[in-house]
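Quick note: numbers below take in every heavy atom, side chains included, and nothing from hydrogens, waters or symmetry partners. We count residues from 1, following the sequence as given.
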Amino acid sequence: MANLKVRTILVSQPEPKVENSPYFDLQQKHKVKIDFRSFIHVEGVSAKDVRAQKIDLNNFTAIILTSRNAVDHFFRVAEEMRYKVPEDLRYFCQSEAIAFYLQKYVVYRKRKIYVGQKDFADMSSLFKKYKDEKFLLPASDQLNADAPVTLNNLKINWTQAVFYKTVMSDLSDLADVYYDVLAFFSPTGIKSLFKNFPDFKQNDTRIAVFGSTTQKEALEHGLRIDILAPTPETPSMTMALEKYVAEANKGK
């Protein structure tokens with residue numbers, strides 16, 4: 001497949017909002033057309049459905065936030081439940097980016113906010129320090145396994161609740177559109193492809209995947225993986241695409 005030129009790429013994510021995205025550099029440098037389209041989207045769970053999970057926000061003293069979606073949907077549900085968020089509530093954020101995003105809802109310097117490095121397990125020392133808190137983990141219906149494993153191993157008082165769901169998008173308008181490369185970032189993205197197009201045949205389409213779980217899902221669906229990230233040489237999807245396109249389009 002590497003001998004076939006790449007002219008078009010479909011990235012199964014929303015278009016980057018920043019002007020200096022490496023995708024745009026890739027587009028200009030190699031004169032390829034890159035389109036962006038979410039194969040999955042997030043839908044909020046109603047306050048009624050959160051209550052059905054036996055969740056009373058008054059019972060918790062700390063909130064664990066693993067994504068911007070978790071931040072948005074925690075405060076949405078709190079508002080729907082007419083729950084006044086107390087000033088002494090503790091927030092445990094998985095990364096600096098999530099903690100920064102939290103400022104959309106709270107006055108940062110007045111609140112108790114604790115920040116991890118990057119991975120969920122990086123917050124272990126923080127959880128140990130505040131082991132007497134009652135933790136709520138507002139998450140999606142597809143929470144990564146490392147969060148429950150870490151929290152259970154620490155033997156702290158924590159509760160998981162589904163505040164939002166990952167849903168497959170309708171891609172029927174792409175039925176007759178062909179791309180040289182399809183780039184995927186999650187197992188659900190692969191599932192969405194086959195839910196929308198059950199008879200999808202890969203043929204000359206190159207498949208790019210990010211992460212081992214996405215790779216596993218692609219292989220289980222019988223796909224040939226042509227571009228894989230992260231690797232030591234190409235730690236990001238854009239770097240992996242850049243390397244592949246440079247080789248495929250060389251001298252063409």
Side-chain angles (χ1 to χ4, degrees), residues 1-45 67-69 72-73 140-142 164-231 234-252:
M1 289 297 114
N3 61 351
L4 291 173
K5 185 171 181 177
V6 174
R7 294 181 177 85
T8 56
I9 299 172
L10 179 62
V11 176
S12 60
Q13 284 189 331
E15 184 167 345
K17 291 192 170 123
V18 292
E19 289 179 11
N20 60 347
S21 166
Y23 283 110
F24 302 142
D25 295 338
L26 174 65
Q27 196 165 239
Q28 289 180 334
K29 183 178 176 183
H30 293 283
K31 303 292 184 283
V32 292
K33 180 176 185 282
I34 301 180
D35 289 339
F36 299 88
R37 177 68 180 273
S38 291
F39 277 38
I40 56 177
H41 62 277
V42 165
E43 288 181 359
V45 169
S67 69
R68 291 183 182 192
N69 280 326
D72 285 336
H73 289 284
S140 82
D141 56 335
Q142 297 184 22
Y164 56 100
K165 292 182 176 178
T166 304
V167 181
M168 298 177 203
S169 303
D170 178 4
L171 307 172
S172 52
D173 57 304
L174 295 178
D176 300 316
V177 184
Y178 172 81
Y179 287 92
D180 295 320
V181 177
L182 300 179
F184 294 95
F185 300 82
S186 72
T188 318
I190 302 279
K191 287 174 183 165
S192 179
L193 171 69
F194 283 94
K195 182 179 184 237
N196 280 279
F197 310 110
D199 300 323
F200 176 78
K201 298 281 187 293
Q202 184 172 358
N203 299 326
D204 292 340
T205 303
R206 270 61 58 84
I207 299 291
V209 299
F210 189 90
S212 57
T213 55
T214 313
Q215 178 186 14
K216 183 171 178 281
E217 192 70 36
L219 292 172
E220 284 176 1
H221 277 87
L223 295 176
R224 179 193 68 251
I225 296 170
D226 303 282
I227 304 161
L228 178 64
T231 67
T234 56
S236 69
M237 176 61 88
T238 48
M239 290 172 78
L241 288 169
E242 156 90 43
K243 181 173 182 285
Y244 184 90
V245 171
E247 288 174 8
N249 293 5
K250 197 187 295 177
K252 292 176 187 170

Below 4.5 Å, heavy atoms only, C-beta onward: do [X] and [Y] meet side chain to side chain?
X      : Y      : value
Val11  : Phe185 : yes
Arg206 : Leu4   : yes
Asn196 : Phe39  : no
Ile9   : Tyr23  : no
Asn69  : Ser140 : no
Lys31  : Asn249 : no
Asp226 : Gln202 : yes
Asp204 : Tyr178 : yes

Identified ring-ring contact (aromatic ring centres under 6.0 Å, His included) partner of His221 from the options Phe200, Phe194, Phe184, Phe197: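 Result: among Phe200, Phe194, Phe184, Phe197, Phe194 is the only option passing the ring-ring contact (aromatic ring centres under 6.0 Å, His included) with His221.
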
Do the side chains of Lys33 and Asp35 get close enough for a salt bridge, i.e. N-O under 4.0 angstrom?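 Salt bridge flag = yes for Asp35 with Lys33.
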
Determine yes or no for a side-chain-to-main-chain donor-acceptor pair under 3.5 angstrom, with [X] supplying the side chain and [Y] the backbone.
X      : Y      : result
Thr166 : Val42  : no
Ser21  : Pro16  : no
Gln27  : Ile34  : yes
Glu43  : Val167 : no

What's the spacing between [X] [atom1] and [Y] [atom2] if we round to 0.5 Å?
X      : Y      : atom1 : atom2 : value
Ile190 : Ser12  : CD1   : OG    : 7.5 Å
Arg37  : Leu171 : CZ    : CG    : 5.0 Å
Lys165 : His41  : NZ    : NE2   : 12.0 Å
Ile227 : Met237 : CD1   : CE    : 7.5 Å
Thr238 : Asp25  : OG1   : CG    : 9.0 Å
Leu174 : Leu10  : CG    : CG    : 6.5 Å

So, for [X] and [Y], which heavy atoms are closest and what is the spacing to 0.1 Å?
X      : Y      : result
Ser192 : Ile40  : CB-CG2, 4.3 Å
Ala229 : Ser236 : CB-O, 3.8 Å
Val209 : Ile225 : CG2-CG2, 3.8 Å
Glu15  : Phe24  : OE2-CZ, 3.8 Å
Leu241 : Ala208 : CD2-CB, 4.1 Å
Leu26  : Val32  : O-CG2, 3.9 Å

Parallel, tilted or perpendicular, judged at 30° and 60°: which one describes the rings of His73 and Tyr164?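 Answer is parallel, since the angle falls under 30°.
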
Decide side chain to side chain contact (heavy atoms under 4.5 Å, CB included) for Tyr179 and Val181; before the verdict, give the C-alpha distance in whole Å, the side-chain angles of both, and the deciding distance to 0.1 Å. CA-CA 5 Å; Tyr179 287 92; Val181 177; over 6 Å; no

Out of Glu217, Gln215, Lys216, which one pairs with Leu219 under the side chain to side chain contact (heavy atoms under 4.5 Å, CB included) rule?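 Going through Glu217, Gln215, Lys216 one by one, the side chain to side chain contact (heavy atoms under 4.5 Å, CB included) with Leu219 is satisfied by Gln215 alone.
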
For a quick check under 3.5 Å, do Asp170 and Ser172 share a side-chain donor-acceptor pair by atom type?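 A donor-acceptor contact under 3.5 Å links the two side chains.
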
Tell me whether the count of non-hydrogen atoms from other residues, nucleotides or ligands lying under 6.0 Å of CZ in Arg7 goes above 12.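 12 or below, so no.
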
